[in-house]
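A quick write-up on the structure given underneath.
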Amino acid sequence: MRISGAKNSALKLMAASLLASGRFTLRGVPRIADVRWMGELLEQMGVTVFQEGDVLTLDVPERVTPEAPYELVERMRASIVVLGPLLGRFGTARVSVPGGDDFGHRPIDMHLRGLEELGATFTTSHGYIEGRADRLVGTTVLLPYPSVGATENLLMAAVLARGTTVIENAAREPEIADLAAFLNAMGGQVGGAGSSTITIEGVEGLEAVEHIVVPDRIEAATYMAAVGMAGGEVEVAGARPEHMEMLLVKLGEMGLHISPSTDGLVVTALGRPRSVDVATLPYPGVATDYQPLLVTLLAVGDSVGIVTENVFGGRFRYIDELMRMGADIRAEGHHAVIRGVGSLSGAPVRAPDIRAGAALVIAGLVADGETLIGNAHHVERGYQDLVGNLASLGAEVSYSGSG
Ligand code: EPU
């Protein structure tokens with residue numbers, strides 16, 4: 001099976017299209033709800049968005065309505081990444097405050113403080129942030145934590161700023177490097193993306209381009225975890241091993257055999273996963289998005305594993321659902337102690353978010369009897385066809401569309 005382009009890159013590239021007028025063509029864009037919603041947000045601003053297969057075109061006009069309304073931001077927090085490009089190009093933005101979500105408290109203080117350092121000013125009233133800037137001016141911004149979203153907002157704002165911006169302690173995820181490559185193709189001057197220091201020389205203007213979205217490492221991990229759970233051998237075409245080195249080390253420790261193929265990876269698993277300890281960290285550490293998949297593998301592991309979640313305070317909420325399926329897990333604060341059990345038992349459960357939803361699906365692959373996953377629409381936000389792909393690998397899984 002073949003993975004799509006990364007959701008978490010495609011959404012930011014779509015936002016970055018606001019930085020220039022003309023026709024953009026993005027290839028490898030997954031057909032998922034989040035992309036549709038980002039498209040709706042851009043259309044509301046005046047952009048014409050069209051997707052056919054994995055090709056997405058965006059026709060961006062000279063002027064846009066620089067506003068992200070509550071109804072759209074509330075549905076998808078990632079909408080906040082329009083703030084940087086709107087301020088960078090138009091000097092004005094009105095964006096709904098995103099609020100928290102299933103991972104708990106999710107502030108955007110680093111986005112705002114960084115943009116303020118570039119010269120933007122913000123007021124917040126009635127649930128909206130209003131940002132203003134004459135032309136932004138480059139400076140050195142030291143992020144207190146390598147936030148993905150804050151790095152992206154700053155990068156997109158700085159590309160049209162006057163002078164040089166340096167982002168220190170920048171996030172290093174492959175999706176950041178993809179965004180920088182896109183901006184550079186547009187005529188930007190971004191160096192160091194993928195490292196913790198990104199340097200941006202502001203330019204006077206940018207132009208619309210074509211771009212291929214980087215493959216989705218989280219989708220790749222999901223199919224690898226499915227193989228770890230159910231056993232067998234699968235080629236994950238399109239997967240880039242260099243984008244998930246720590247994960248591959250962990251999966252190797254858990255007994256999965258992973259080798260490169262001409263265009264991706266081949267994953268082989270025999271028998272129960274070996275229990276290991278894992279801690280999530282910003283890239284290049286083990287990503288927090290892999291955490292529910294790893295906890296699910298450990299739920300049927302051969303002994304005891306401890307998982308420490310260091311990125312999001314509230315990302316263990318799905319564990320109660322796994323316990324309804326017979327998993328033996330004790331979660332407290334940032335730590336989960338997982339005692340592997342011999343088998344899981346199918347039950348009705350609820351998907352609280354995209355990745356936990358996918359993890360419950362792979363738990364259902366090996367559970368005795370039927371697992372019915374409610375709120376499955378969360379899974380559709382991030383996966384083009386999880387059900388169809390797993391079914392093509394031999395899983396008995398179907399989508400009723402009612403949950
Ligand atoms: N944080 C702050 N202040 C800020 C920004 C972040 O305190 O101003 C904190 C967050 O609360 C969190 C940590 O910093 O504790 C990391 O947040 P980050 O900003 O790095 O994450 P994000 O940009 O909000 C993206 C992905 C997530 C992924 C994280 C971490 C998108 C749309 N989302 O979120 O992906 O888990 O990076 O890698 O790119 C998903 O795809 O399902 C998903 C949730």
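Just follow the structure's listing: the first ligand is 1, and inside any ligand the first atom is 1.
Remark: the Tyr318 side chain and the Gln291 side chain contain an N/O donor-acceptor pair separated by less than 3.5 Å. Side-chain contact check for Tyr399 and Glu380: at least one donor-acceptor pair (N or O, by modelled atom type) lies under 3.5 Å.
Using a 4.0 Å heavy-atom cutoff, Pro107 is listed among the residues neighbouring ligand 1.
The nearest heavy-atom contact from the protein to atom 26 (C) of ligand 1 is Asn8 ND2, 3.6 Å. Among all non-hydrogen protein atoms, the one lying nearest atom 15 (O) of ligand 1 is Val311 O, 2.5 Å. When only non-hydrogen protein atoms are considered, atom 42 (O) of ligand 1 lies nearest to Arg355 NE, 3.3 Å. The nearest heavy-atom contact from the protein to atom 44 (C) of ligand 1 is Phe103 CE1, 3.4 Å. The protein heavy-atom contact nearest to atom 34 (O) of ligand 1 is Arg106 NH2, 3.5 Å. Here the heavy atom of the protein found nearest to atom 10 (C) of ligand 1 is Phe312 CE2, 4.0 Å.
Checked against the 6.0 Å centroid criterion, the rings of Tyr128 and Phe122 do not qualify as a close aromatic pair.
When heavy-atom distances to ligand 1 are checked against a 4.0 Å cut-off, Glu175 has no atom that comes that close, whether in backbone or side chain.
The distance from ligand 1 to the heavy atoms of Ala78 drops below 4.0 Å at these ligand atoms: 32 (C).
Looking at Glu309, Met110, Glu152, it is Met110 that brings a heavy atom closest to atom 8 (O) of ligand 1.
In terms of the side-chain hydrogen bond (donor to acceptor under 3.5 Å, both in side chains) criterion, Glu52 has no residue partners (sequence neighbours excluded).
Not a single N or O atom of Tyr145, backbone or side chain, sits closer than 3.5 Å to an N or O atom of ligand 1.
Taking 4.5 Å as the limit, some side-chain heavy atom of Arg2 sits within range of a side-chain heavy atom of Asp263.
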